Amino acid sequence: MIESLLVANRGEIARRIIRTGRRLGIRTIAVHSEADGALPFVTEADEAVCVGPANPAQSYRNVEAILEAARSTGAQAIHPGYGFLSENADFARTVEGSGLIWVGPGADAITAMGDKINARNLMAAAGVPVAPGTTEPAADLDAAVAAAAEIGYPVMVKAAAGGGGMGMGVAADEAALRTEYDKVRAFAERMFGDGSVLIERYFPRVRHVEVQILGLADGRVVALGERECSVQRRNQKLVEESPSPAVSPELRERFLAAAVRAGEAVNYRNAGTVECLLDPSTQEFFFLEMNTRLQVEHPVTEYVYGVDLVEEQLRVAAGLVPTFDPDALAPRGHAIELRINAEDPKRFLPGPGAITTWNEPAGTGVRVDSGYVAGNTVTPFYDSLMAKLIVSGDTREEAVERARAAVAQFEIAGPKCNLPFFAELLENPEFLSGDYDTGIVSRMR
């Protein structure tokens, strides 16, 4: 097993990785910005190194500073968490070129899946269903209009290099497309340094379902079930659950088989997620993208499949066999994750601030992965995620009941917080029925 691990991230995911590392007897090293020096992950690691100012470009995305921290502390491996440099193929190559172990998929797989158009084409060639759309970037507005006319309105206008729900717009007709194309292209150039745009069929009522895959050290790719991710605001997830209430055993078999084909097509190693759109009216699903990293919502899979995905990542990176039998994977029970963000519960606008009260719920089937404690400050420099509340039960109904109780017990004061939204959602008839889609939040508002 790896003996020393540098975690190139912050907050709850850094704390989460450190927790598994310490359980396995691995020496853990945290890197942090000047703004994050008082957060729990810094003190919980065996060592900590400040890598720069609050600006992520000067700290958490500062490749040379992170590599220097690894050299100075004698780190053997680097785990990137999610966000920041986790899907940066150049960083992965640099880490491995420096003689360190990269806890993630190979750089070639990251590159192949990082461009949405290239990913779509690869998946189509591998027999993974893809939605009708362009097979190359729309070179200009006229090309986008022509593509949309062939695909049929409404269409989704997407940044080819985008991710995390960013760089997307919907056009119901040509006039809207002309506006959205320019908007998405400008956003993509500013945020990703790549203004390439693709056009896809837009499904007005759709569910967002993803499959957790793990590429093993022996070359096999296995699927650890699906997660429902349809409770979203601005195309970004708020709630995830596993198994999906919308997926029958027959559909699950098709989902998992397609996800394994997707991983095999790019010789995938380590943890990754194949994201799909599911049309509930036809039970057809289409490839959306592959996230070549650990997902925020990985804990629901951990509960349902009885694995520690961070441990499995470390074992793959070290060339070891998994802790589970790949031929005997089966879901058990139900799990739900709620993303506790520093944002107002109505408009979901960020609301950073000093935390004056922080009391976490506890009990059977309740887990909190948090990045903060009372006395810390949620700054405006990073994502608004403060914690993840994960609940499990033998049934979905039991998990929902535990979620209600846990939300009521969770006390946070200081920054704005979306806990009241979850209290509302957990009483919403549409959510409780399991028959919901990506429009549920907008219908609640």
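A quick note: this is a predicted structure, and the numbers were derived from the prediction, not measured.
- Closest approach of A107 to R93, counting heavy atoms only: CB-CG, 3.3 Å.
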### Query
Does the salt bridge (Lys or Arg N to Asp or Glu O under 4.0 Å) test come out yes or no for K116 and E200, once each step is laid out?
CA-CA 11 Å; K116 286 185 170 56; E200 286 182 353; over 6 Å; no
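- The aromatic rings of F421 and F348 lie perpendicular to each other, with more than 60° between the two planes, well past the 30° mark.
- Across all non-hydrogen atoms, the minimal contact from S384 to R233 is OG-NH2, 4.3 Å.
- Without hydrogens or angle criteria, E312 side chain to T323 main chain gives a donor-acceptor distance under 3.5 Å.
- Residues D108 and V266 are not in side-chain contact: their nearest non-hydrogen atoms beyond the backbone lie 4.5 Å or more apart.
- Between I390 atom CD1 and L338 atom CG the span is 9.0 Å, to the nearest 0.5 Å.
- Between F187 and F192 the shortest side-chain heavy-atom distance falls below 4.5 Å.
- Counting heavy atoms from C-beta outward, I66 and V95 have side chains that stay 4.5 Å or more apart.
- Taking the side chain as every heavy atom from C-beta outward, W102 and I110 approach each other to under 4.5 Å.
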### Task
Could you give me the CA-CA distance, side-chain angles and deciding distance for I78 and L6, then say whether side chain to side chain contact (heavy atoms under 4.5 Å, CB included) is met?
CA-CA 5 Å; I78 292 181; L6 183 144; 4.2 Å; yes
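- When side chains are defined from C-beta on, I117 counts as touching P137, because their heavy atoms get closer than 4.5 Å.
- For the atom pair CG of L349 and CG of N341, the computed distance is 12.0 Å after rounding to the nearest 0.5 Å.
- With rounding to the nearest 0.5 angstrom, the CZ atom of R339 is 7.0 Å from the CG atom of L385.
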### Task
Would you check, one step at a time, whether the test side chain to side chain contact (heavy atoms under 4.5 Å, CB included) holds for T301 with Q295?
CA-CA 10 Å; T301 296; Q295 290 278 82; over 6 Å; no
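- Annotation: F286 is in aromatic contact with F203 [ring centroid separation under 6.0 Å].
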### Task
Step by step, work out the salt bridge (Lys or Arg N to Asp or Glu O under 4.0 Å) result for K183 and E180.
CA-CA 5 Å; K183 187 188 302 182; E180 291 298 329; 3.4 Å; yes
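- Enclosure of atom CD in Q58 by more than 12 non-hydrogen atoms of other residues, nucleotides or ligands within 6.0 angstrom is indicated.
- Nearest approach of G133 to I151, heavy atoms of both residues: CA-CD1, 3.6 Å.
- No donor-acceptor distance shorter than 3.5 angstrom exists from the side chain of Y382 to the backbone of R10, with no hydrogens or angles considered.
- One distance of note links CD1 of I340 with CD1 of I412; it measures 6.0 Å at 0.5 Å rounding.
- Residue R220 qualifies as enclosed at atom CZ: its count of foreign heavy atoms under 6.0 Å is above 12.
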#### Entry: Candidate pair D308 and R16, rule salt bridge (Lys or Arg N to Asp or Glu O under 4.0 Å), full reasoning
CA-CA 11 Å; D308 180 329; R16 160 75 186 88; 2.8 Å; yes
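- Side-chain contact annotation: Q313 with R315, donor-acceptor N/O pair under 3.5 Å absent.
- A donor atom on one side chain and an acceptor atom on the other are not found under 3.5 Å apart for N428 and Y436.
- In terms of modelled atom types and a separation under 3.5 Å, the side chain of R227 and the main chain of V300 share no donor-acceptor contact.
- Between the side chain of Y268 and the backbone N or O of P105 there is no donor-acceptor pair closer than 3.5 Å.
- Side-chain atoms of K388 come within 3.5 Å of backbone N or O of V296 as a donor-acceptor pair.
- Between the side chains of E398 and H334, not a single donor N or O lies within less than 3.5 Å of an accepting N or O.
- In this structure, R404 contributes its side chain and E427 its backbone to no donor-acceptor pair below 3.5 Å.
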### Query
Between L5 and I17, does a side chain to side chain contact (heavy atoms under 4.5 Å, CB included) hold up when you go through it step by step?
CA-CA 9 Å; L5 177 69; I17 296 164; 3.8 Å; yes
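- Counting heavy atoms from C-beta on, the side chains of N55 and F381 never come closer than 4.5 Å.
- Listed here is the closest heavy atom pair of C229 and E297: SG-OE2, 4.0 Å.
- More than 12 heavy-atom neighbours from other residues, nucleotides or ligands sit within 6.0 angstrom of CD on Q283.
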### E401/V391 under side chain to side chain contact (heavy atoms under 4.5 Å, CB included): CA gap, chis, key distance, verdict
CA-CA 9 Å; E401 281 299 322; V391 296; over 6 Å; no
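- In this structure a side-chain-to-backbone donor-acceptor pair under 3.5 Å is missing from R443 to E430.
- Contact annotation: the side chain of M168 approaches that of K158 to within less than 4.5 Å [non-hydrogen atoms, C-beta and beyond].
- Note that CG of D115 is 11.5 Å distant from CZ of R120, once rounded to the nearest 0.5 Å.
- Between H298 and E337, the closest side-chain pair of non-hydrogen atoms is not below 4.5 Å.
- The aromatic rings of F255 and F285 lie parallel to each other, their planes meeting at an angle below 30°, with 60° marking the opposite boundary.
- Using modelled atom types, one finds no donor on one side chain facing an acceptor on the other under 3.5 Å when comparing R402 with S392.
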### Task
Kindly determine whether K237 and E210 satisfy salt bridge (Lys or Arg N to Asp or Glu O under 4.0 Å), including the steps that lead there.
CA-CA 12 Å; K237 304 164 190 173; E210 63 188 24; 2.8 Å; yes
### Query
So Y82 and N291, side chain to side chain donor-acceptor pair (under 3.5 Å) or not? Walk me through it.
CA-CA 9 Å; Y82 52 72; N291 293 127; over 6 Å; no
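- Judged by distance alone, with hydrogens and angles left aside, the side-chain atoms of N9 form no donor-acceptor pair with the main-chain N or O of A14 at under 3.5 Å.
- Nearest heavy-atom pair, R269 versus L216, reported as atom, atom and distance to 0.1 Å: CD-O, 3.1 Å.
- Remark: side-chain polar atoms of T292 are not paired, donor with acceptor, to backbone N or O of E87 under 3.5 angstrom.
- A donor-acceptor contact shorter than 3.5 Å is absent between the side chain of T273 and the backbone of E275.
- Here CG of L85 is found 12.5 Å from CZ of R293. Values are rounded to the nearest 0.5 Å.
- Between A271 and Q212, the shortest heavy-atom contact is CB-NE2, 3.8 Å.
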